[in-house]
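Report on the following structure.
Numbers restart at 1 for each chain; the letters A, B, ... are given by sequence-line order, proteins then strands. Worth saying up front: this structure is predicted, and the values here are computed from it rather than measured.
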Protein chains: 2
Amino acid sequence: MSDRPLQEPTLLLLTALADEPRHGYGLIQEIDAISQGRVRMRTGTLYGALDRLLQQGLIRVEREEVVDGRARKVYALAEAGRSTLAAETERLRAVVAEAERRMAARRAPAARPKGALA
Amino acid sequence: MSDRPLQEPTLLLLTALADEPRHGYGLIQEIDAISQGRVRMRTGTLYGALDRLLQQGLIRVEREEVVDGRARKVYALAEAGRSTLAAETERLRAVVAEAERRMAARRAPAARPKGALA
DNA sequence: ACAACATATGCCGGTCACCTATATATATAG
DNA sequence: CTATATATATAGGTGACCGGCATATGTTGT
């Protein structure tokens, strides 16, 4: 259980589970949709991450089912995962806000904005 | 030059350079301040990242100076770094918004009475 | 009939960002 | 004279992620 910041594939995984439980392959498609096609999660990343998140208690196996002859495991966000996701989004929002503030407060070549930290 | 998403230490590094140029050790302190003491960047991470970002053209060495007998290298955000940071924050904002939307739109496991708070 | 693709799960080997620890050197505080 | 702060840098190890592969069924196209 490391409190290191989540990497983005993991963050997207938890995000994809935030509204309702999904199975592995469905998560790949959902993440593809969330990121507007920019992130195509690989199965190696997915199932490795699912194992890890299960072990960390951030997600759990909701149920197993068979649809059209294909076996599925449906994963759900655990309470720990929900609070982790909430904390992570809160933290990221702060970082994003700070980055944007600094880009706007950029030290101009001629003019000096006041009130900046030393 | 990978278009893989920046990890957070790297994001904080670019953020710390967004308003004005700074030297290595100053970046550690600045990142400590930005993150309210939550991220204590190690020198191994810092100088490795600086080398990598220099090679990627995201930052550049603004100047070298000697203050109180100690040599410094002052790094500045290059144009490529500035646009990368802008794109990254934009993307992260979208992910954060989506995560929060989904947490709010959560399909509850069991319906609660309307008067009860979660 | 057969090829190609989508659905679906899972493992293996490699890369690389990050971390821990260490080394070096000067200035200041106790 | 020892510890702490400032300042840069490297070495070694860990682990998340990625590319590729394997397996199996259902669907669509030719």
Side-chain angles (χ1 to χ4, degrees), chain A residues 1-14 16 21-33 35 37-56 58-59 61-75 81 84 88 118, chain B residues 1-14 16 21-33 35 37-56 58-59 61-75 81 84 88 95:
Chain A
M1 282 269 245
S2 65
D3 52 353
R4 278 177 60 185
L6 299 179
Q7 289 191 35
E8 216 174 305
T10 304
L11 180 71
L12 288 169
L13 242 177
L14 296 185
R22 295 178 201 277
H23 67 286
Y25 193 81
L27 285 168
I28 292 179
Q29 299 170 309
E30 194 66 16
I31 285 171
D32 189 278
S35 66
R38 280 187 238 105
V39 178
R40 297 256 162 84
M41 179 168 275
R42 308 294 164 174
T43 62
T45 306
L46 176 76
Y47 293 104
L50 288 176
D51 282 349
R52 177 168 35 91
L53 294 171
L54 278 172
Q55 212 164 1
Q56 290 175 345
L58 300 188
I59 62 175
V61 176
E62 177 86 346
R63 65 181 182 277
E64 303 191 37
E65 59 188 20
V66 175
V67 176
D68 291 330
R70 295 186 211 92
R72 286 178 173 179
K73 280 184 192 165
V74 178
Y75 300 90
T84 294
E88 198 71 4
Chain B
M1 281 268 243
S2 65
D3 51 355
R4 280 176 57 185
L6 300 178
Q7 289 191 34
E8 216 173 303
T10 304
L11 181 70
L12 288 169
L13 241 177
L14 296 184
R22 295 177 200 279
H23 66 285
Y25 193 82
L27 284 168
I28 293 179
Q29 300 169 308
E30 194 66 16
I31 286 170
D32 190 278
S35 66
R38 281 187 237 106
V39 177
R40 298 257 162 82
M41 179 168 275
R42 308 295 164 172
T43 62
T45 305
L46 177 74
Y47 293 104
L50 288 176
D51 283 348
R52 177 169 33 92
L53 293 171
L54 278 172
Q55 211 164 1
Q56 291 174 345
L58 300 188
I59 62 175
V61 176
E62 176 87 345
R63 64 183 181 277
E64 303 191 36
E65 59 188 22
V66 175
V67 176
D68 291 330
R70 295 183 212 94
R72 287 178 172 178
K73 280 184 193 167
V74 178
Y75 300 89
T84 295
E88 198 70 4
V95 173

On DNA chain C, more 5' by nearest nucleotide between A/Gly24 and B/Ala49 is A/Gly24
Output the rounded distance in Å from CD (A/Glu30) to C1' (C/dA8). 16 Å
Could you give the CG-to-P distance, from A/Leu46 to D/dG19, as a whole number of Å? 14 Å
For the pair made of CG in A/Asp51 and C1' in D/dG15, what is the distance, rounded to whole Å? 14 Å
Heavy atoms under 4.0 Å is the rule here; annotate nucleotides 19-30 of chain C 5' to 3' with B where the base is hit, S where only the sugar-phosphate is, and - elsewhere. BBB----BS---
Measure from CG on B/Leu6 to C1' on D/dA16 and round the result to the nearest Å. 16 Å
For the pair B/Arg52 and B/Thr10, evaluate side-chain contact (heavy atoms from CB on, under 4.5 Å) and give the outcome as yes or no after the intermediate values. CA-CA 10 Å; B/Arg52 177 169 33 92; B/Thr10 304; 3.7 Å; yes
Rounded to the nearest Å, what distance is computed from the CG atom of residue B/Leu11 to the C1' atom of nucleotide C/dA17? 14 Å
Return whichever of A/Gln7 or B/Gly48 has its heavy-atom-nearest nucleotide of DNA chain D closer to the 5' end. B/Gly48
For A/Leu27 and A/Leu50, run side-chain contact (heavy atoms from CB on, under 4.5 Å): C-alpha distance rounded to whole Å, both residues' side-chain angles, the deciding distance at 0.1 Å, then the answer. CA-CA 11 Å; A/Leu27 285 168; A/Leu50 288 176; 4.1 Å; yes
Give a yes/no answer on whether the side chain of B/Arg52 brings an N or O atom under 4.0 Å of OP1 or OP2 in C/dC16. no
Heavy atoms under 4.0 Å, any strand shown: does A/Gln29 hit a base, just sugar-phosphate, or nothing? sugar-phosphate
Using whole Å, report how far CD1 of A/Ile28 lies from C1' of D/dG19. 14 Å
Looking only at heavy atoms, which two atoms of A/Pro21 and A/Val74 are closest? And how far apart? CB-CG1, 3.6 Å
Determine the minimum heavy-atom distance between B/Glu88 and B/Leu6, stating which atoms define it. OE2-N, 2.9 Å
Heavy atoms of A/Arg22 and A/Ala16 approach each other most closely as NE-O, 2.8 Å
Please determine whether a side-chain nitrogen or oxygen atom of A/Tyr25 lies at a distance below 4.0 Å from atom OP1 or OP2 of C/dT9. no
Looking only at heavy atoms, which two atoms of A/Pro9 and A/Thr45 are closest? And how far apart? CB-CG2, 4.3 Å
For atom CG of A/Leu53 and atom C1' of C/dG10, their distance in whole Å: 16 Å
Verify the neighbour count for atom CZ of B/Arg38: are there more than 12 heavy atoms of other residues, nucleotides or ligands below 6.0 Å? yes
Tell me the interatomic distance from B/Leu14, atom CG, to C/dA17, atom P, rounded to whole angstroms. 13 Å
